[in-house]
Amino acid sequence: MLTHNLLNLPLMGCGTWAWGNQLLWGYDESMDNQLQEVFNLCVSNGITLFDTGDSYGTGKLKGRSELLLGKFAQAYQGINQENICIATKLAAYPWRWTRNSIISACHASAKRLGRNVDLVQMHWSTANYAPWQEVGLLDGLGDLYEQGLVKGVGLSNYGTKRLLWVYKRFQERGIPIKTLQVQYSLLSTYPVTELGLKDVCDNLGIKLIAYSPLGLGLLTGKFSENGSFPQGIRGFLCKQLLPGMKPLLGCLQEIANTRNKTMSQVAINWCISKGTIPIPGAKSLEQAKENIGALGWFLSDAEVVELDNAADRVEKKMVQNIFQTR
């Protein structure tokens, strides 16, 4: 039985990049019970979309995020259980180039999840360095949909030009593109302002998913120029970007105070107000509760414009994903 029409996407999802990632997010296995609680809280509050990837997890823990999600979904009993939507991204590794390689990859993800993948996404486009590789991968993605193994097909890190190319290929097979996922936040407006992706997606009936809606934590207000920074690349980005972010952080703080919300909640709500589905991550119940507080209200048009203007005044923008195509 084909179940293509049963893919329900909520206003906001949850990103699970950190679940299994020791390198950037300090994951360890003692966090698993806490992560199950995060999952339960999200689902019971209508956050039923969980975004993962078959490359998530470091070293021996690769695929850990999918394993955990499968376990959590199985253990969850309660409201919105039937609406749980697990979206995974399949990596365009150099050794994956045939349609069968992508079908096998999806089967491996389903095995880790202990259930079928609901939304399968191409993690990135190879257009920038090996355009020939993409043909087989996309053919395989289409096969998964045609065979009823997934409810929907999506893309990640694709720009307008490459999206239209894929859309045409899929259209010839009668396969709709359900979602497109890009790095989008008040610190990373490039995909929408420079590439015009939102308008194109709206015209094609594709929902835009915003990953890193909090700019790796820079929009939460918890880091200051004189305070301590996180380890590694996040700390480096804090040092680079924070000095030029004063107008934006000030604007976020002002609106947060007026609304009796946090800066994070305002930054996430801005993404929702822009017609995208933000997928902020959460490693603790506190973070999950804070994310949930971004729902149930909307910024006014005037507040959105205020934030847009403040974002325009940021001196250095967030670095774009190296795989983002035009």
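None of the values given here were measured: they were computed from a predicted structure.
Ring centroids of W19 and F72 are separated by less than 6.0 Å, placing the two rings close together.
The minimum heavy-atom distance linking R64 with G20 is given by the pair CG-CA, 3.8 Å.
Side chain to side chain, Y145 and R173 fail the donor-acceptor criterion of an N or O pair below 3.5 Å. N100 and T98 share no side-chain donor-acceptor pair at under 3.5 Å. One side chain, Q121 or Q181, offers a donor N or O that lies under 3.5 Å from an acceptor on the other. When only modelled atom types and interatomic distance are considered, E66 and T88 share a side-chain donor-acceptor pair under 3.5 Å. In this model, no donor atom of one side chain and acceptor atom of the other lie less than 3.5 Å apart for S44 and N40.
A search for ring pair (Phe, Tyr, Trp, His ring centres under 6.0 Å) contacts involving W124 returns F323, not counting sequence neighbours. Qualifying ring pair (Phe, Tyr, Trp, His ring centres under 6.0 Å) partners for F50, counting only residues two or more places apart in sequence or in other chains: F39. The side-chain contact (heavy atoms from CB on, under 4.5 Å) search around K317 returns V314, not counting sequence neighbours. Legend: residues meeting side-chain contact (heavy atoms from CB on, under 4.5 Å) with S185, ordered by chain and number and at least two apart, are L187, S188, L219. Taking the ring pair (Phe, Tyr, Trp, His ring centres under 6.0 Å) definition, one finds that W132 meets it with nothing, sequence neighbours left out. Applying the ring pair (Phe, Tyr, Trp, His ring centres under 6.0 Å) rule to Y129 yields no partners; only residues at least two apart in sequence or on another chain are considered.
Between the side chain of T189 and the backbone N or O of T193, no donor-acceptor pair lies under 3.5 Å. Put simply, the side chain of Y76 gets close to the backbone of I79: a donor and an acceptor are under 3.5 Å apart.
Note on residues 186-198: pairs passing salt bridge (Lys or Arg N to Asp or Glu O under 4.0 Å), not counting sequence neighbours, are K198-D202. Applying the salt bridge (Lys or Arg N to Asp or Glu O under 4.0 Å) rule to pairs touching residues 85-98 yields D51-K89, D54-R96, sequence neighbours excluded. Every pair passing salt bridge (Lys or Arg N to Asp or Glu O under 4.0 Å) that includes a residue from residues 272-299 is listed here, sequence neighbours excluded: K274-D308. Judged as a ring-ring contact (aromatic ring centres under 6.0 Å, His included), the pairs with a partner in residues 178-208 (not counting sequence neighbours) are, in order, Y184-W270.
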Criterion side-chain contact (heavy atoms from CB on, under 4.5 Å) on L204 and L164, from CA distance to verdict: CA-CA 9 Å; L204 302 178; L164 290 168; 4.0 Å; yes
Chi angles and distances behind the side-chain contact (heavy atoms from CB on, under 4.5 Å) call for L138, F170: CA-CA 8 Å; L138 292 168; F170 277 1; 4.2 Å; yes
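Going from atom CZ of R162 over to atom OG1 of T325 covers 7.5 Å, rounded to the nearest 0.5 Å.
The one candidate from L195, L197, V182 that meets the side chain to side chain contact (heavy atoms under 4.5 Å, CB included) condition with L163 is L197. Here the rule is side chain to side chain contact (heavy atoms under 4.5 Å, CB included) with N257, and of Q253, E254, K261, R259 only Q253 fits it.
In the hydrophobic clustering, L41 connects to L11, M12, I47, L214, I268, I272, L285, I292, L295, F298, either directly or through intervening members, whenever side-chain heavy atoms lie under 4.5 Å apart. Annotation for Y93: hydrophobic cluster partners, listed by chain and number, are W95 (ILVMFWY side-chain heavy atoms under 4.5 Å, direct or chained).
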